[in-house]
Amino acid sequence: MADPLDTLTDEDRALLRPSDGPAFHPPMLATLTDDYFSDPGWLFERKLDGVRTLVVRYGGRTELYSRNRKQVGSSYPELVEALDAHAPPELVADGEVVAFDGAQTSFARLQSRLGLTDPRRARATGVAVHLYLFDLLVLGTHDLRALPLRARKRVLHAALEFEDPIRYSNHRNADGERYLTEACANGWEGLIAKRAHSTYQHGRSGDWLKFKCVADQEFVIGGYTDPSGSRVGFGALLLGYYDRRRDPPELRYAGKVGTGFDTATLRALRRRFDELGRERSPFVDRVPERGPHWVRPELVAQVGFTEWTRDGRLRHPRYQGLRHDKPANQVVREVPS
DNA sequence: TTCCGACAGTGGGGTCGCAAT
DNA sequence: ATTGCGACCCCACTATCGGAA
């Protein structure tokens, strides 16, 4: 194979620095925004719903690290094997481990492999994983972090033979907004927009942005939990929706939401709850909560979330406000799982 | 003086691992 | 065998404070 560094211009080559060895580097993180754009100075990648993973190879040995410096190689023995076989002996690369459910990356499926420390048990889960690589920090004796993103990606693409389960994360060079529309239509989590000339930085950066395909809908408030610590008013809202296939319709439990409130809202809602309190749970489902407080199911909250979990709960919920334009008994589950 | 970014603190679902029941 | 709890993963959001503009 030709030297991957041959893809560099002289100008980029001058930005190479000597590598300081097989160190863990805290990954570069993206900032959430809903200010979407199509700037040609940026590129756009699929946002994968998995776990961030840093590949560190040194002396031909592979170690995988989580975002928090935890060694996770034994959870993904087949990825380590593939990297041993197909990656250069010295590199640090950035990527995401994913599991597929059909054509979608599924964090839910991946969860059964997270934290497994016995490689045989990890393989025995039957959950296939892939590693998508999207950045390269170190190759051989060279540190690439000061190079512009496009140059790092070119070297990454040339440095490995990408074959399953190791994949190169493709990107588009333009049309971010159109791409986002397609992404959402495909059921993807969203896009990561990256400034094409940015260096590799550590921690949260404005040079990487998250464009997310958001979901939200109304839910009936059926109760609340106690606050803890310095929190005032209440901890979280217990949410539900009506299953109108039943007669009379039944209030199904959909999980909790505990963020998105400012202090004034916490206090104001609590005052409403004190007027609406009742003894019995309004939900037909058992609510796995210690010491919950129930209210008459009259208030309707708008809640943003990323998706429904397998267990019919909201993932990453956040409160967006009360809805006064929709009667509680009209609230149903809008999106099929 | 005002604004912004980083951080701590509170909250979510899910899984694993271990201790107590 | 079941239950509860903390530690991890993924995350959203508010409040605060110090430094930059």
Side-chain angles (χ1 to χ4, degrees), chain A residues 26-27 29-34 47-54 64-72 74-76 96-99 101 105-119 121-122 124-127 129 189-190 192 201-207 209-210 212-216 219 221 223-240 253-270 285-292 301-321 337:
Chain A
L29 303 175
T31 303
L32 181 63
T33 181
D34 35 44
K47 184 177 191 305
L48 297 159
D49 194 12
V51 289
R52 188 69 173 276
T53 303
L54 205 72
L64 303 179
Y65 289 92
S66 78
R67 212 163 99 168
N68 299 330
R69 202 178 289 252
K70 220 187 132 199
Q71 299 201 3
V72 295
S74 49
S75 301
Y76 313 113
E96 185 102 4
V97 172
V98 303
D101 186 6
T105 57
S106 168
F107 184 76
R109 288 202 78 211
L110 187 59
Q111 267 179 322
S112 58
R113 289 193 66 159
L114 296 180
L116 292 183
T117 50
D118 179 353
R121 281 194 65 189
T125 56
V127 175
V129 294
E189 215 199 348
I192 303 289
Q201 300 143 52
H202 299 294
R204 195 79 53 193
S205 166
D207 287 338
L209 298 173
K210 272 185 268 195
K212 294 191 73 174
C213 305
V214 297
D216 52 45
F219 290 94
I221 301 174
Y224 61 96
T225 61
D226 285 319
S228 74
S230 57
R231 178 82 157 208
V232 299
F234 59 90
L237 305 178
L238 307 174
L239 303 172
Y253 180 62
K256 301 183 279 186
V257 59
T259 191
F261 318 98
D262 58 23
T263 307
T265 305
L266 288 167
R267 291 207 169 92
L269 281 175
R270 176 56 190 267
D285 306 289
R286 176 179 161 269
V287 175
E289 200 64 41
R290 281 172 334 195
Q302 176 81 18
V303 176
F305 58 101
T306 48
E307 65 176 357
W308 290 93
T309 71
R310 195 178 44 199
D311 294 342
R313 303 291 164 78
L314 303 179
R315 177 147 171 243
H316 305 149
R318 59 272 183 190
Y319 176 82
Q320 296 176 325
S337 60

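Residue whose closest nucleotide on DNA chain C sits further toward the 5' end, between Ala264(A) and Pro317(A): Pro317(A). When the nearest nucleotides of DNA chain B are assigned to Asp311(A) and Gly235(A) by heavy-atom distance, the more 5′-ward of the two goes with Gly235(A).
Across all strands shown, dC7(B) remains unpaired; no Watson-Crick or G-U wobble contact has both distances below 3.5 Å.
Side-chain contact between Thr225(A) and Leu238(A): present, with at least one pair of heavy atoms (C-beta onward) separated by less than 4.5 Å. Between Arg67(A) and Pro27(A), some side-chain heavy-atom pair lies under the 4.5 Å cut-off. For the pair Lys210(A) and Ile192(A), the minimum side-chain heavy-atom distance is below 4.5 Å. Taking the side chain as every heavy atom from C-beta outward, Arg52(A) and Leu29(A) approach each other to under 4.5 Å. Between Leu237(A) and Phe219(A), the closest side-chain pair of non-hydrogen atoms is not below 4.5 Å.
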Practice problem: Assign a letter to each nucleotide of nucleotides 16-21 of chain C from its 5' end: B, base within under 4.0 Å of a protein heavy atom; S, sugar-phosphate only; -, no contact. | Solution: ------
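Arg231(A) places its CZ atom 8 Å from the P atom of dG12(B), with the value rounded to the nearest Å. Atom P of nucleotide dG11(B) and atom CZ of Phe261(A) are separated by 11 Å, given to the nearest angstrom. For the pair Tyr224(A) OH and dG12(B) P, the computed distance is 15 Å after rounding to whole Å. The interatomic distance linking Leu110(A) (CG) with dC9(C) (P) rounds to 12 Å, in whole Å. To the nearest angstrom, P of dG12(B) lies 10 Å from CG of Leu237(A). Rounding to whole angstrom units, CZ of residue Arg310(A) and P of dT15(B) are separated by 5 Å. A straight line from CG of Leu266(A) to P of dG12(B) spans 12 Å, rounded to a whole angstrom. Taking atom CD of residue Glu289(A) and atom P of nucleotide dG11(B), one finds them 11 Å apart after rounding to whole Å.
With sequence neighbours excluded, the residues satisfying ring pair (Phe, Tyr, Trp, His ring centres under 6.0 Å) with Tyr65(A) are Phe24(A). For Phe261(A), the ring pair (Phe, Tyr, Trp, His ring centres under 6.0 Å) partners are Phe234(A), Tyr319(A), not counting sequence neighbours.
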Nucleotide N/O to protein N/O under 3.5 Å, stretch nucleotides 6-9 of chain B:
none

Shorter than 3.5 Å, N or O on both sides, protein versus nucleotides 2-6 of chain C: list them out with atom names.
from, atom 1, to, atom 2, distance (Å)
dC5(C), OP1, Arg290(A), NH1, 3.2
dC5(C), OP2, Arg290(A), NH1, 2.7

What does the list of N/O pairs under 3.5 Å between the protein and nucleotides 16-21 of chain B look like, with a distance for each?
from, atom 1, to, atom 2, distance (Å)
dG17(B), OP2, Arg121(A), NH1, 3.0

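Considering only side-chain N and O atoms, Lys256(A) lies nowhere under 4.0 angstrom from the phosphate OP1 or OP2 of dG14(B). An OP1 or OP2 oxygen of dC11(C) is reached within less than 4.0 angstrom by no side-chain nitrogen or oxygen of Thr306(A). The shortest distance between the side-chain N/O atoms of Lys212(A) and the OP1/OP2 oxygens of dA12(C) is below 4.0 Å.
A donor-acceptor distance shorter than 3.5 angstrom exists from the side chain of Thr31(A) to the backbone of Ser205(A), with no hydrogens or angles considered. Between the side chain of Glu96(A) and the backbone N or O of Gly50(A), at least one donor-acceptor pair lies under 3.5 Å. Side chain of Thr105(A) to backbone of Asp49(A): a donor-acceptor contact under 3.5 angstrom is found. Looking only at distances, a side-chain donor or acceptor of His202(A) sits under 3.5 Å from a matching main-chain atom of Pro26(A). Side-chain atoms of Thr309(A) do not come within 3.5 Å of backbone N or O of Arg315(A) as any donor-acceptor pair.
In this structure, the nucleotide among dC9(C), dC10(C), dT14(C) sitting nearest to the side chain of Asp262(A) is dT14(C). With dA12(C), dC10(C), dC9(C) as the candidates, the nucleotide lying closest to the side chain of Arg318(A) is dA12(C). Side-chain proximity of Ala236(A) to the nucleotides dG13(B), dG12(B), dT14(C) is greatest for dG12(B).
Shown here for Asp226(A) and Gly291(A), the closest heavy-atom pair between the two residues is OD2-O, 4.1 Å. Residue Asp207(A) comes nearest to Gln201(A) through the heavy atom pair OD2-NE2, 2.8 Å, listed as atom of the first residue, atom of the second, then distance. Listed here is the closest heavy atom pair of Lys256(A) and Leu239(A): C-CD1, 4.2 Å.
At the heavy-atom level, Asp49(A) lies nowhere under 4.0 Å from the strands shown. Residue contacts shown for Tyr319(A) are absent, as no nucleic acid heavy atom lies under 4.0 Å away. Gly50(A) comes within 4.0 angstrom of the backbone, heavy atoms only, and of no base. Among the atoms of the strands shown, only primed sugar atoms or phosphate atoms (P, OP1, OP2) are found under 4.0 Å from some heavy atom of Ser228(A).
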